[in-house]
Chemist: 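There's a structure below that I have some questions on.
Model, not experiment: these values are computed from the prediction.
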Amino acid sequence: MALERNPACREGTIYTCPMHPEVRRDHPGDCPICGMALEPIAAREDNAELRDMTRRFWIALALAVPVFALAMGAHLPWFHGLSGRVSAWIQFVLGTPVVIWAGWPFFARGARSIRTGRLNMFTLIAMGTGAAYAFSVVALLAPGILPHSLTHGGMVSVYFEAAAVITVLVLLGQVLEQRARAGTGAALRALLTLAPKTAHLVENGAEQEVTVDSIAAGALLRVKPGEKIPVDGIVTEGRSAVDESMLTGESNPVSKEKDDRLAAGTINGTGSLLMQADKVGAETMLAQIVAMVAQAQRSRAPIQRLADAVAAWFVPAVLAVSLITFFIWLFVGPPPAFPYALVNAVAVLVIACPCALGLATPMSIMVAVGRGAGMGVLVKDAEALETLGKVTTLIVDKTGTLTQGKPSVTHLAAAGVSESELLSLAAALETRSEHPIAAAVTAAAKERGLDISGVTDFDSVTGEGVRGKVDGASVFVGKRTFVGGDHMSKMLLANADKLQNEGSTVVWVSRNGQTVGFVAVSDPLKPTTAEAISALHRLGLRIVMLTGDHPRTASFVAAQIGIDETFAEVTPLQKQEHVTEMKSNGAWVAMAGDGVNDAPALASADVGIAMGTGTEVAMSSAGITLVKGDLRGIVHAIALSRATMRNIRQNLWFAFAYNALGVPIAAGALYPVFGLLLSPIIASAAMALSSISVIGNALRLKGADLEKISEKS
C-alpha cells in the first residue's frame, strides 16, 4: 500500500498499523482495514493514543458506575431509590457523555469500516452501543411511538447502562492493548542511550569535544579511560581492555591494541586509545542492532487477529439478521408493525454486540499475566503468551542465561604456600585493578575473611596482568607468560590445562620469581539450569545454544547439561541469522538471553525470553521476562501459554454460543409458536450473562494446575 500523505503534517514520522504493516501514513489515525490506531515506526516517548484511551476509560468508568447502579437497583424488590422516570433522566445525563464522548473513537472507526467496506469489531461495537443508546433516547423522549406492551411501571425500559457498560469494557480492552504495544519502543530507546553524545576529535595534534553526529569516517578520536566508544573504528595507538559485553554478552573485557577493531557503545577500560572512525551514524553495529529490533517488533501481529477474522463474517451476518428481522416484522408482524419491527431489530443488535467477544482475549490475558507474575514470569504482550505454547525450538545464550553472568573464583592451586596465602597475595594486587576478574578474586578473599596487605610500586599491564610489592616481596599476578615464575610442577600445569579446557580463566601468581600457584575464575552454571533443560526436553523442545564465547568453553557447558546443538563465537547479527534460518525451516523458535547482543535475536524470534537479571534492552526486546533469571520459568510459561490459549478458545465459544442462541430468539423465532419476544432488556441481560461467563472462565486460570499441563504436554 502506498504512503498516504497529509500536507498538514510534518515530514519525517511514518505511522503504520501493528496488524497490517503495509499501511503507511505520514500522519496518525486509524487503520483502514482493522480500525486499530496507527503507531509511529520510530521509537517515541509519547503515546498519545494510550493517554487518550486511558483518560476516556477513567472518566467513562466514573460516570457508568452510577448509571449501572440505578438501572440494576430498579429491578431489586428491596431497592428504594428514585422514581423510574427520574432515574431514567439521570441515566441519560450521565450515560450520554460515556457513549457519545468516551465512545466516539469507536463510532468513528465503525463509520470508517462501513464507508470503506472493511467491516470489523468496531462496526458491531458502534452499532450495538448506538442501537442501545438510540432506543433508550426514543423510549425516554418519545415513548408513545413504542408498543404499550413494552411499558413497565408506566414507562418504557431504557438501556443506557448497557450502552455505557459496553463502552467502558471496550475502552478497558483498548487500554490493555495500547499498554502492551507501548512497550515496543522501550527497547529502541534503551539501545539508543548506549551511544555517547560527544567524542574527543583530534586534529593537528589538538583535541576538541564534538557531537557524535558530526563525526565523519576517517576522523581521529581520543577515547579516555572509562569512556564509551563513540563510533565503530580501528585502534591506531594505545592499549586498553574494552568491555564488549553489550555486543558479545561475555563479562571479561577484551584487550585492544593497534589495528584492533572497536564498536560504538562499548566501554574503554583504564588505558587511553587513539582510534580512526570508519563506520558512523546508521552504519555502526549499534545502529544496525537498533534497526533490526525495530523491524522485528513491527512484524508482530496482535492476538486479536482471530476475533477480527471471525468478525469478517460475523458482522455482516448480524447486520443481515437485524435487517431481515425489521422487514419481516414490518410486513407480517401484528399491528402496530413498525414499533415491533424496531424493537426486535434493536434486540438483535444489542444481543449481538461483541462485548463478550471483546473480553474473551483481554480477560484471559489479564488473569494469565497476573498468574505469571506470581511465578516470576513477566509477560509483555499477548502475542508472546499465545505463541510460546507452539514453540518447538528454544535458543539460549550462555552467559547470564545458562550461567550466573558473574565471574567467581572456582579453584585454587597452591605450590609452597597455603591456599589462603595464595588468594591473599593475588587479592592484594587485584584490589588496585578494575578488571572483572580482579573483582572476582578480591570478592573471594573478602568472603574468606582474609587480610589483604598494602601494595607499593603497583603497575598494571593491560591484557597481561598486574605487579607490585607486597610486604617487601615482588608479586606478579596474571598470564603465565607475564608472571614468568620458575619451577612449575607438571601436576600444576596439568591442572591448569584441565581447567582451561573446561572454560575457566587461570590467573597465575608468583612471588620473588617463584610460582606459588594459580587462581581459576569462571562463570558457573546456575544451580537450576540442568533441571530446567531436562524439563524442557520432556516438553519436546530442541535446545540450541548461541554464544560469543570460545568453542572449547561452549562445548564443555553444552556437554554438562545436554544441549542439543551449539554455535560458538557468534556475533549479534549471526544470532539473528540463526533464528531466521530456523524459522524458515518450519520451527517455532523461542530465544532466551540477557544481553544487548541478544536483542536482535530476541526480537526476531517467535518469542523472546529475557533474564530479569540482564540488561534493560534485552527485557524490552523480549515478550517474556524471567524475573529470577531461572530457566525453569520457561517451563511454567509454556504451560501457562497452553492453558491460556485453551481458556481463550473456551471464551470465544461462550461468546458465540450466546449469540447463536440469542440472535434467533431476539429476531422473534419463538413468537409464532410460543408468543415469546426477546425485548432489549432481556437481550441486554443475555449479553451481560455471556460477559460474566467469559470473566468467570478466565478467572479459572488463577487456579490452573500448570504442573499437570506440563506433564500432559
Chemist: To the closest 0.5 Å, what do you measure between CG (L323) and CG (L330)?
Modeler: 12.0 Å
Chemist: Quick one: pull up CG in L385 and CG in L640 and give me the separation to the nearest 0.5 Å.
Modeler: 5.5 Å
Chemist: Which residues pass the side chain to side chain contact (heavy atoms under 4.5 Å, CB included) test with W89, sequence neighbours left out?
Modeler: R85, F92, L140, L141
Chemist: Can you name the ring-ring contact (aromatic ring centres under 6.0 Å, His included) partners of Y671, sequence neighbours left out?
Modeler: W329
Chemist: Return yes if a side-chain donor-acceptor contact under 3.5 Å exists between Q91 and S87, otherwise no.
Modeler: yes
Chemist: Within the 4.5 Å heavy-atom criterion, are V99 and F160 side-chain neighbours or not?
Modeler: no
Chemist: Show the numbers, then the answer: is there a side-chain contact (heavy atoms from CB on, under 4.5 Å) between K390 and M645?
Modeler: CA-CA 10 Å; K390 306 174 185 177; M645 292 314 300; over 6 Å; no
Chemist: Determine whether R55 and D52 satisfy the following criterion, side-chain contact (heavy atoms from CB on, under 4.5 Å), listing intermediate values before the conclusion.
Modeler: CA-CA 5 Å; R55 181 175 63 252; D52 180 56; 2.9 Å; yes
Chemist: With a 4.5 Å cut-off on side-chain heavy atoms, are V67 and V98 touching?
Modeler: no
Chemist: Can a donor-acceptor pair be found between the side chains of D606 and T387 at a distance below 3.5 Å?
Modeler: no
Chemist: Do M127 and V318 make a side-chain contact, defined as non-hydrogen atoms from C-beta onward lying under 4.5 Å apart?
Modeler: no
Chemist: Walk me through whether V391 and I638 qualify under side-chain contact (heavy atoms from CB on, under 4.5 Å).
Modeler: CA-CA 8 Å; V391 167; I638 291 174; 5.5 Å; no
Chemist: Out of curiosity, R646 CZ to L701 CG, how far, rounded to the nearest 0.5 Å?
Modeler: 9.5 Å
Chemist: So, for S604 and Q576, which heavy atoms are closest and what is the spacing to 0.1 Å?
Modeler: OG-NE2, 2.8 Å
Chemist: Apply side chain to side chain donor-acceptor pair (under 3.5 Å) to S322 and list each qualifying residue two or more places apart in sequence or on a separate chain.
Modeler: none
Chemist: By side chain to side chain donor-acceptor pair (under 3.5 Å), which residues pair with S136, not counting sequence neighbours?
Modeler: none
Chemist: Can you measure from CZ (R56) to CG (L61) and round to the nearest 0.5 angstrom?
Modeler: 15.5 Å
Chemist: Could you tell me the separation between the CG atom of L388 and the CZ atom of R642, rounded to the nearest 0.5 Å?
Modeler: 8.5 Å
Chemist: Working to the nearest 0.5 angstrom, can you tell me the gap between T325 OG1 and N344 CG?
Modeler: 7.0 Å
Chemist: Please list, chain by chain and in numerical order, all residues satisfying salt bridge (charged side-chain N to carboxylate O under 4.0 Å, His left out) with K702, sequence neighbours excluded.
Modeler: none
Chemist: If you define the side chain from C-beta out and look only at heavy atoms, does anything of Q650 sit under 4.5 Å from S364?
Modeler: no
Chemist: With a 4.5 Å limit on heavy-atom distance, are the side chains of L171 and F106 in contact?
Modeler: yes
Chemist: Do any pairs count as a side chain to side chain donor-acceptor pair (under 3.5 Å) and have a residue in residues 95-104, sequence neighbours left out, and if so which ones?
Modeler: T96-Y133
